[in-house]
Asks: 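Here it is, the structure, as structure tokens.
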Amino acid sequence: MEYSPVFTRRHWRFLFLAIALSVGALVLFHVLTAGNLVGFLARLSSSYLAAAFGLVPLLWLVEGWRVQLIVRIGGEWLGFWPVWQANLATAFMAAITPAGAGGPPTQVFLLHHLGVSVARAASVAVARLFLNLGFFAVVSPPLFYWYREGLNLPGPLGGLVLGVAFGLSGFISAFFYLLYRSDLAERLLSAIVRHLPAAWSARL
């Protein structure tokens, strides 16, 4: 089956223009706040810039490969290149919308554009979000703990941030556990539904 490309040449021009404007806006903001363009450029490390420009495309490739694997696990076969384009457009829409809200709908639309059914495209978007949640649940607490001194936060605020990180990790882990134990989740929801009206009536 032939899939029409997600990006045309005109779209690529707009994408690179958007990236250039974003970088330019960040530099302009720093220059306006710092007031020293020469000093700002002198502090830039060429090795760090080269690493950043190399790592970002590498991360895009890894993310495209991950989404392609999710699509194939769902029973659809798509080549890497169209999935990578769709994922890149999804990341762009997530970046320009509040809280990344535009990412999942864009991914569903583009995967459907590539020939995936709407139901399976929606399941791919949800699975990707779940994998992201699981990743942050595992990685965030150790990172906050190991680099808490580098954040230069006051003692109470640093403890609060660390507590929130571990609390969110526990909440996400409990969420996945309830997904795995659907019978337990059903019992909990049934208990809440039974007792919530009575508790609300008692307050009134």
Side-chain angles (χ1 to χ4, degrees), residues 1-27 44-144 146-147 165 168-169 171-173 175-176 179-180:
M1 179 178 180
E2 292 293 333
Y3 300 111
S4 57
V6 176
F7 283 178
T8 63
R9 183 176 299 177
R10 182 171 62 90
H11 294 144
W12 281 107
R13 289 201 299 265
F14 279 121
L15 176 64
F16 287 121
L17 177 61
I19 294 174
L21 289 176
S22 300
V23 174
L26 291 174
V27 173
L44 291 178
S45 171
S46 58
S47 58
Y48 286 161
L49 284 176
F53 279 107
L55 284 175
V56 170
L58 178 62
L59 291 175
W60 284 348
L61 291 174
V62 171
E63 180 64 15
W65 176 66
R66 184 178 69 148
V67 174
Q68 184 193 29
L69 285 180
I70 298 173
V71 171
R72 292 188 176 184
I73 290 172
E76 300 280 353
W77 193 95
L78 287 177
F80 175 78
W81 180 242
V83 173
W84 183 81
Q85 292 183 71
N87 201 63
L88 188 60
T90 298
F92 179 75
M93 288 301 299
I96 65 174
T97 52
T106 302
Q107 189 166 43
V108 173
F109 170 78
L110 292 176
L111 289 177
H112 181 60
H113 171 75
L114 294 173
V116 181
S117 65
V118 174
R120 289 189 176 180
S123 66
V124 169
V126 172
R128 178 174 173 268
L129 291 176
F130 280 174
L131 287 175
N132 290 341
L133 284 176
F135 175 80
F136 285 112
V138 173
V139 172
S140 296
L143 285 180
F144 276 111
W146 291 332
Y147 296 100
L168 287 176
S169 177
F171 180 79
I172 294 172
S173 301
F175 172 73
F176 278 105
L179 285 179
Y180 175 72

Asks: Would you mind listing every side chain to side chain donor-acceptor pair (under 3.5 Å) that reaches into residues 89-105, with sequence neighbours excluded?
Replies: none

Asks: Could you grab the distance from atom CZ of F92 to atom CG of L88, nearest 0.5 Å is fine?
Replies: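 Answer for the CZ-CG pair, F92 versus L88, is 9.5 Å.
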
Asks: Pair L133, R128 - check side chain to side chain contact (heavy atoms under 4.5 Å, CB included), show working.
Replies: CA-CA 9 Å; L133 284 176; R128 178 174 173 268; over 6 Å; no

Asks: On a heavy-atom basis, which atom in V108 and which in A125 lie closest, and how many Å separate them?
Replies: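 Closest approach of V108 to A125: CG2-CB, 3.9 Å.
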
Asks: Of the non-hydrogen atoms in A86 and L110, which two are nearest, and what is the gap between them?
Replies: O-CD1, 3.6 Å

Asks: CH2 of W60 to CG of N87: how many Å apart, nearest 0.5 Å?
Replies: 10.5 Å

Asks: Should V116 and H112 be marked as a side chain to side chain contact (heavy atoms under 4.5 Å, CB included) after you check the CA-CA gap, both sets of side-chain angles, and the distance that decides it?
Replies: CA-CA 5 Å; V116 181; H112 181 60; 5.7 Å; no

Asks: Could you walk me through whether L111 and L78 pass side chain to side chain contact (heavy atoms under 4.5 Å, CB included), step by step?
Replies: CA-CA 9 Å; L111 289 177; L78 287 177; 4.2 Å; yes

Asks: R72: which residues meet the salt bridge (Lys or Arg N to Asp or Glu O under 4.0 Å) condition with it, sequence neighbours left out?
Replies: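 With sequence neighbours excluded, R72 shows a salt bridge (Lys or Arg N to Asp or Glu O under 4.0 Å) to no residue whatsoever.
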
Asks: Return the minimal non-hydrogen interatomic distance between A101 and P104, and the atom names on each side.
Replies: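 Residues A101 and P104, closest heavy atoms: O-CD, 3.8 Å.
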
Asks: Could you pull out the closest heavy-atom pair between A137 and S169, with the gap in Å?
Replies: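 Taking every non-hydrogen atom into account, O-OG, 2.6 Å.
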
Asks: Name the one of W81, F80, W84, W77 that satisfies side chain to side chain contact (heavy atoms under 4.5 Å, CB included) with Q68?
Replies: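 Considering W81, F80, W84, W77, a side chain to side chain contact (heavy atoms under 4.5 Å, CB included) with Q68 is found only for F80.
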
Asks: What is the distance from atom CD of Q107 to atom CG of L129, rounded to the nearest 0.5 Å?
Replies: 7.5 Å

Asks: Is the shortest heavy-atom distance from the side chain of W65 to the side chain of L69 under 4.5 Å?
Replies: yes

Asks: Between I70 and A127, which heavy-atom pair has the shortest distance, and what is it?
Replies: CG2-CB, 3.9 Å

